[in-house]
Amino acid sequence: MEKYDPRVVEAKWRERWEKGRVNEVDLEKAQRPFYNLMMFPYPSAEGLHVGNVFAFVGSDIQGRYRRLLGFDVFEPMGFDAFGMHSENFALKTGRHPATMVPKNIERFREEQLKKMGLMLAWDCQVDTTIPEYYRWTQWMFLTLYKNGLAYKAKGPVNWCPGCQTVLAKEQVIDEKCERCSSVVEKREMEQWFFKTTAYQDELLDALETLDWSERTKLAQKQWIGKSVGADVIFQVEGGPKFTVFTTRPDTLFGATYVVFSPEHPLLDEIATPAARPALEAYRQTAQSVSETDRQDEKREKTGVFTGAYATNPVNGARVPIWAADYVLMGYGSGAIMAVPAHDGRDFAFAKKYNLPIVQVVSSPPGTSVEDEAWAGDGRLMNSGEFDGLEAKTDGLSKIVALLAGRGLAEPRTHYRLRDWCVSRQRYWGPPIPIVYCDKCGTVPVPEKDLPVTLPFIEDFKPDGSGFSPLHRQKDFYETQCPRCGGPAHRETDVSDNFLCSAWYFYRYPSTRFDDRPFDAELTRKWLPVDLYVGGNEHAVLHLLYSRWLCRALYHAGAIDFPEPYRKFVAHGIIVKDGGKMSKSKGNIINPDEYVSEFGADSFRLYLMFMGAYLEGGDFRDGGVRAMKSFLDRFVAAVSPKAGPLSPEPPAGAETLYWLHSTVKSVTQDIERFSYNTAIARLMELVNYLTKHKIRLREISATAVRLLAPFAPHLAEELWEELGNGETVFKSSWPTYEEEYIRRPQVEYVVQINGKLRDKLLLAVGLTPEEIEPLVLQSPGVAKWLEGKTVVKKIFVPDKLVNLVVK
RNA sequence: GCGAGAGUGGCGGAAUUGGUAGACGCACUGGCCUUAGGAGCCAGCGGCCGCAAGGCCGUAGGGGUUCAAGUCCCCUCUCUCGCACCA
């Protein structure tokens, strides 16, 4: 069989697309805008990762499909090139990011991305490291500052000793740095923060309205971590009052002790002299433990009695006050009421230190709160006047109301979300546009003076001083106050790379404007993004930051929509031979090798065929070759060069059925990102055409357009061979007619007692009365009926007959 | 621990509302073609029994609902992901 040469075909169409500007869209004139966004990569020196290609191709298929449907599709690409991923790599390899990054970008674009057959509008490329871009990143910072959403404050922050910078909470994974995996330390430092908590409720509530992958929404919901409950005031016997936060005020009668975090400031005041030495010792160990061994989840609970007692406000009970490190200072009030009968942690602690357990919510029969805490629903008991009430509803609100009336409780909501720490003590990022003046204090750099240019410095290595390397640059550090003209110095921290990526999609349609971050009219026309495809690892990083920034810009009146993405789809992860790819295993897939041997079309096709796009897949060598051979068979079946095509429209019912049902399936499969099954349907069509030697022009024209989103180069070549216009992507998506998909005859499944016994080819639309004699006569059925009586008959129209016999 | 998702041939993976389990592909086996092939074509390919026709079993394990269960319900096990002494 003759084979096509992907090198020739793909080079030809790459050139034509570029020359004919086929991938560009007229941003002003577009009538049916569709903004198809994919998460931009950071241009690593290793080159494009197969995971990137997988993500981009799946997104590109949507873009090309929408284009064939008649949309004006804008599919831009850019490079997220500031930040520690680039900088750390440069440090490791002894290069300078300022020279390394442009080379990497060039290679990504020219050698890799352009060869993948992506429908990218390169006119609108974004590079976050050029002054024309980061000038507006700094503008974002200033806009947030002016709206009271950026502030500098001293507090405990996460310090990565490997990267020598602070990190945001979101960038600490299991106590480790997201980038270098060093164990992160807590440090008291003064840092810049963005007030993400200002919109925590909006960000949470709006999740309900978003057309996003559920798991992504869930991750954000958990991260925001809203807990509704109440603050309850306890009184230390002969001492001060203090507050505990609880989500279960209904269990207040079961609070048999209270626990303070070891860091709680009140401990010094209330601890009895006798208990002090033990308390001090415990605080010392607690501090060291929390630094080193916090990941150990099964760590046994520890604590120490303070010698003091408090009064339970609801019943006046005398309860001991303990200090224990299972209570965190950073959440709620740093103190809790312990209800061992109804909280697992309190239960474990009470058992260990022999503290009383009082059940106040009924548990299911056969369970005992002496064995295990019961956190489920039930009715109140041992709770005085509240006995019998449904605990979590009526009981809860009535107990809170009682205490609130005495000024001892108030409804309260806590969140796990923290403000976004955005300062980085590093070099490779956009300088924070702030100046400190002895006279004027903190002064934002005026907009007209932007950008604050990142100076080229030879030695950009962090020095462990806790300051950015920019701090060592006198000509950068020393400046004049923009307000009074007096001597001043610049902020030397740069901002978190996630600020660069929080707004890049506003920039794409407006890259040609030098005087504004994004053009109001184009933004109105193209945003929010219609479809965003990316990895779920950014559920609480990029996706949360960019949602937050969008809200900030919305409230500042800069844009007129509160959410940046109409639809977000999280693609799956590719593994190799059932396991993760890693350098140590030496099983990293190099996309270039496959593309140069089999062509981008085959590579795209295999990546999409491997598994469900939303779930990822398992990459096996050999798969790409199989796709090439499928494309060869495709060419043989539909190309006029492979043999004459009949110009007649397809007359046979069977052929029409295949044609139309394939169009229907492929269309529906693309809509639901089920690319593997769409490709399978195309294979079936080719198998059918080949087997029956059916060669019709109309079928070829349809099949080529169905293939186009997946294998664009070859589709163009075949479209041209079929004598059509300049590009298949200016044609249209094939349509189907249901009437051809309905077949005149269907294969009935005949079951006896639910077991398959025969299959009968029958005309569609028969009634049960018409079918019954046919079924009873069929030899496959008759033998099962001998000596039996039919007691029940099930008819599923055009599908199945089930006879229940005895 | 809490939450979410998943478990189907030798392998990757398919199966609208419960209605033919294993589509499509890989690997493998046999045959054809070829000087040769990491090429192409034809056929087979869940397990067990059988020459065959056919039969029995089979979607992690156990129970249930139903004429009918991969699909719905309950229990158990395993894996992946997210959060994690968050009160």
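A:Glu615 comes within contact range of no nucleotide atom at all, as no heavy-atom separation falls under 4.0 Å. Within 4.0 Å of A:Val327, counting heavy atoms only, lies at least one base atom of the nucleic acid.
Look at CD on A:Gln668: it is 21 Å from P on B:A23, rounded to the nearest Å. Rounded to an integer number of Å, the gap from A:Glu214 CD to B:G3 C1' is 13 Å. Taking atom CD on A:Glu372 and atom C1' on B:G1, their separation rounds to 11 Å, with Å as the unit.
A pairwise comparison of heavy atoms in A:Asn312 and A:Leu252 identifies ND2-O, 2.9 Å as the closest pair.
One N or O on the side chain of A:Ser629 and one on the backbone of A:Ala626 form a donor-acceptor pair closer than 3.5 Å.
Checked against side-chain hydrogen bond (donor to acceptor under 3.5 Å, both in side chains), A:Lys169 has no partners two or more places apart in sequence or in another chain. Residues passing the ring-ring contact (aromatic ring centres under 6.0 Å, His included) test with A:Phe598: none are found, sequence neighbours excluded. In terms of the salt bridge (Lys or Arg N to Asp or Glu O under 4.0 Å) criterion, residue partners of A:Lys351 (sequence neighbours excluded) are, by chain and number, A:Glu370. Residues satisfying the side-chain hydrogen bond (donor to acceptor under 3.5 Å, both in side chains) criterion with A:Glu747, sequence neighbours excluded, are absent altogether. A search for ring-ring contact (aromatic ring centres under 6.0 Å, His included) contacts involving A:Trp658 returns A:Tyr688, not counting sequence neighbours. Partners of A:Tyr606 according to the ring-ring contact (aromatic ring centres under 6.0 Å, His included) rule, which considers only residues two or more places apart in sequence or in another chain, are A:Phe619. Checked against side-chain hydrogen bond (donor to acceptor under 3.5 Å, both in side chains), A:Tyr415 has the following partners two or more places apart in sequence or in another chain: A:Asp201.
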Between side-chain atoms of residues 254-261 of chain A and protein atoms elsewhere (two or more places apart, or another chain), which donor-acceptor pairs fall under 3.5 Å?
{"from": "A:Thr256", "atom 1": "OG1", "to": "A:Pro356", "atom 2": "O", "distance (Å)": "2.8"}
{"from": "A:Tyr257", "atom 1": "OH", "to": "A:Asp346", "atom 2": "O", "distance (Å)": "2.9"}
{"from": "A:Ser261", "atom 1": "OG", "to": "A:Glu263", "atom 2": "N", "distance (Å)": "3.3"}
{"from": "A:Ser261", "atom 1": "OG", "to": "A:Glu263", "atom 2": "OE1", "distance (Å)": "2.8"}
{"from": "A:Ser261", "atom 1": "OG", "to": "A:Val327", "atom 2": "O", "distance (Å)": "3.4"}
{"from": "A:Ser261", "atom 1": "OG", "to": "A:Met329", "atom 2": "N", "distance (Å)": "3.4"}

Give the table of side-chain donor-acceptor pairs shorter than 3.5 Å for residues 211-220 of chain A, with sequence neighbours excluded, one pair per line with atom names and distance.
{"from": "A:Asp211", "atom 1": "OD2", "to": "A:Lys567", "atom 2": "NZ", "distance (Å)": "3.4"}
{"from": "A:Ser213", "atom 1": "OG", "to": "A:Ala570", "atom 2": "N", "distance (Å)": "3.0"}
{"from": "A:Arg215", "atom 1": "NH2", "to": "A:Ala570", "atom 2": "O", "distance (Å)": "3.3"}
{"from": "A:Arg215", "atom 1": "NH2", "to": "A:Leu614", "atom 2": "O", "distance (Å)": "3.2"}
{"from": "A:Thr216", "atom 1": "OG1", "to": "A:Asn536", "atom 2": "OD1", "distance (Å)": "2.6"}
{"from": "A:Lys217", "atom 1": "NZ", "to": "A:Leu207", "atom 2": "O", "distance (Å)": "3.3"}
{"from": "A:Lys217", "atom 1": "NZ", "to": "A:Leu210", "atom 2": "O", "distance (Å)": "2.8"}
{"from": "A:Gln220", "atom 1": "OE1", "to": "A:Arg547", "atom 2": "NH1", "distance (Å)": "2.7"}
{"from": "A:Gln220", "atom 1": "NE2", "to": "A:Ala539", "atom 2": "O", "distance (Å)": "2.8"}

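In this model, the phosphate group of B:A87 is approached by a side-chain N or O of A:Ser227 to a distance below 4.0 Å at OP1 or OP2. The phosphate of B:G25 (OP1 or OP2) has a side-chain N or O of A:Asn687 nearer than 4.0 angstrom.
Comparing B:G13 with B:C77, their C1' atoms are spaced 24 Å from each other, to the whole Å.
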Protein and nucleotides 55-58 of chain B: nitrogen or oxygen contacts under 3.5 angstrom:
{"from": "B:C56", "atom 1": "OP1", "to": "A:Arg757", "atom 2": "NH2", "distance (Å)": "3.2"}
{"from": "B:C56", "atom 1": "OP2", "to": "A:Arg757", "atom 2": "NH1", "distance (Å)": "3.2"}
{"from": "B:C57", "atom 1": "OP2", "to": "A:Lys755", "atom 2": "NZ", "distance (Å)": "2.6"}

Using atom names, set out every protein N or O paired with an N or O of nucleotides 17-19 of chain B below 3.5 Å, distance rounded to 0.1 Å.
{"from": "B:U17", "atom 1": "O4", "to": "A:Lys799", "atom 2": "NZ", "distance (Å)": "3.3"}
{"from": "B:G19", "atom 1": "N2", "to": "A:Gln751", "atom 2": "OE1", "distance (Å)": "3.3"}

task: Quick one, give me the B/S/- string for nucleotides 71-83 of chain B, reading 5' to 3', where B means a protein heavy atom under 4.0 Å from the base and S means that only happens at the primed atoms, P, OP1 or OP2.
output: -----------BS
